[in-house]
Each structure stands twice: as structure tokens, then as C-alpha cells.
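Quick note on labels: first sequence line is chain A, next is B, and so on, each numbered from 1.
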Amino acid sequence: MTIYIGNLSYQATQQDVEEIFNDYGSVKRVQLITDRETGRMRGFGFVDMSDEDEEDNAIENLNGATWMGRALKVNKARPRENRSGFRS
DNA sequence: GCTGAGCGT
């Protein structure tokens with residue numbers, strides 16, 4: 001499952017979020033969204049975990065938590081459009 | 001190039 005992270009530090013890195021989420025569960029993949037052209041962080045990212053229990057635990061614990069001086073926002077990420085070409 | 005919306009190749 002993918003978790004949405006918002007209001008995070010521009011100086012934050014994937015390994016930072018990775019170890020933080022790893023403390024609440026087993027994070028599989030951390031994807032911080034950065035600008036495709038400039039390469040600067042957009043201020044949000046996504047975390048993929050193994051079990052929903054861990055992700056829910058991480059969300060409940062990391063959501064609204066003050067990280068790097070800012071209120072970290074963690075919530076369930078929206079299912080991205082399926083590249084298969086199908087649409088609801 | 002030093003920002004602030006929040007959902008991605």
C-alpha cells in the first residue's frame with residue numbers, strides 16, 4: 001500500500017523518511033516527489049509498506065507529528081491511474 | 001535555485 005506524505009521539509013531525504021517509517025513498521029519503498037525539470041523537492045512524497053497494519057500505525061503516529069520543525073502530514077495515498085489503460 | 005500547494009514517471 002502507498003502512503004501519502006505532505007508538508008515535509010525540502011531538505012528531507014528518502015532515507016530520513018525511510019528510517020522514520022521503519023521505526024513504526026517495515027517500509028518497502030520511499031518515493032519523495034521531486035520536480036522533473038528542476039529536481040527540487042515538491043514537499044511531499046509516498047511511502048510503500050509491507051502490511052496495512054504497519055502503514056496505519058505509521059500514519060497514526062507520524063500524521064500531525066512535528067518533524068524537522070514542521071507538522072508532518074501522513075495519510076493514505078490515492079490509487080494512481082492504472083497505466084494499463086483502463087478507467088473507472 | 002532557496003518555495004509551500006498538499007497525491008506521483
A:Thr34 or A:Gln11: which one's nearest nucleotide on DNA chain B is closer to the 5' end?
A:Gln11
Quick one: label A:Arg36 by what it contacts on the DNA or RNA (base, sugar-phosphate, nothing), any heavy atom closer than 4.0 Å.
nothing
Report the residue from A:Ile3, A:Ile5, A:Val17, A:Ile33 that forms a side-chain contact (heavy atoms from CB on, under 4.5 Å) with A:Phe46.
A:Ile33
Grab the CG-C1' distance between A:Asp35 and B:dT3 for me, whole Å please.
11 Å
Atom-to-atom span, CE of A:Met41 to C1' of B:dG4 - whole angstrom
13 Å
Measure the distance from CG on A:Leu62 to P on B:dG6 and round it to the nearest whole Å.
22 Å
Rounded to whole Å, the CD1-P distance (A:Ile5 to B:dA5) equals 19 Å
Take A:Arg78 and A:Asn7, find for each the nucleotide of DNA chain B with the closest heavy atom, and name the residue whose nucleotide sits nearer the 5' end.
A:Asn7
Whole angstroms only, please: what is the CD-C1' distance between A:Glu37 and B:dT9?
13 Å
Base, sugar-phosphate, or nothing: which does A:Leu8 touch, judged by heavy atoms less than 4.0 Å apart?
base
Considering only heavy side-chain atoms of A:Lys73, the closest of B:dT3, B:dT9, B:dG6 is B:dG6
Kindly state whether the pair A:Phe44 / B:dA5 counts as stacked, where counting means centroids closer than 5.5 Å and planes tilted less than 30° apart.
no
Answer yes or no: side-chain N or O of A:Tyr4 and base N or O of B:dG8 forming a donor-acceptor pair under 3.5 Å.
no
Please classify the nucleic acid contact of A:Thr38 as base, sugar-phosphate, or nothing, using heavy-atom distances under 4.0 Å.
nothing
Would you mind reporting whether A:Thr2 and A:Arg80 have side-chain heavy atoms less than 4.5 Å apart?
no
Acceptor/donor pairs from residues 20-27 of chain A side chains to any protein atom, 3.5 angstrom cut, sequence neighbours excluded:
{"residue": "A:Asn22", "atom": "OD1", "partner": "A:Val27", "partner atom": "N", "Å": "3.2"}
{"residue": "A:Asn22", "atom": "ND2", "partner": "A:Glu18", "partner atom": "O", "Å": "2.9"}

Has A:Asn61 got a side-chain atom pairing as donor or acceptor with A:Asn57's backbone, closer than 3.5 angstrom?
yes
Could you tell me the separation between the CE atom of A:Met68 and the P atom of B:dT3, rounded to a whole number of Å?
17 Å
Taking any heavy-atom pair under 4.0 Å as a contact, classify A:Arg70: base, sugar-phosphate, or nothing.
base
Min side-chain heavy-atom separation A:Met49-A:Met1 under 4.5 Å:
no
Atom-pair distance (CZ on A:Arg29; C1' on B:dG8), nearest Å:
11 Å
Rounded to whole angstroms, how far apart are CZ on A:Arg40 and C1' on B:dA5?
11 Å
Please determine, for the side chain of A:Ala77, which listed nucleotide (B:dA5, B:dT9, B:dC7) has the closest atom?
B:dC7
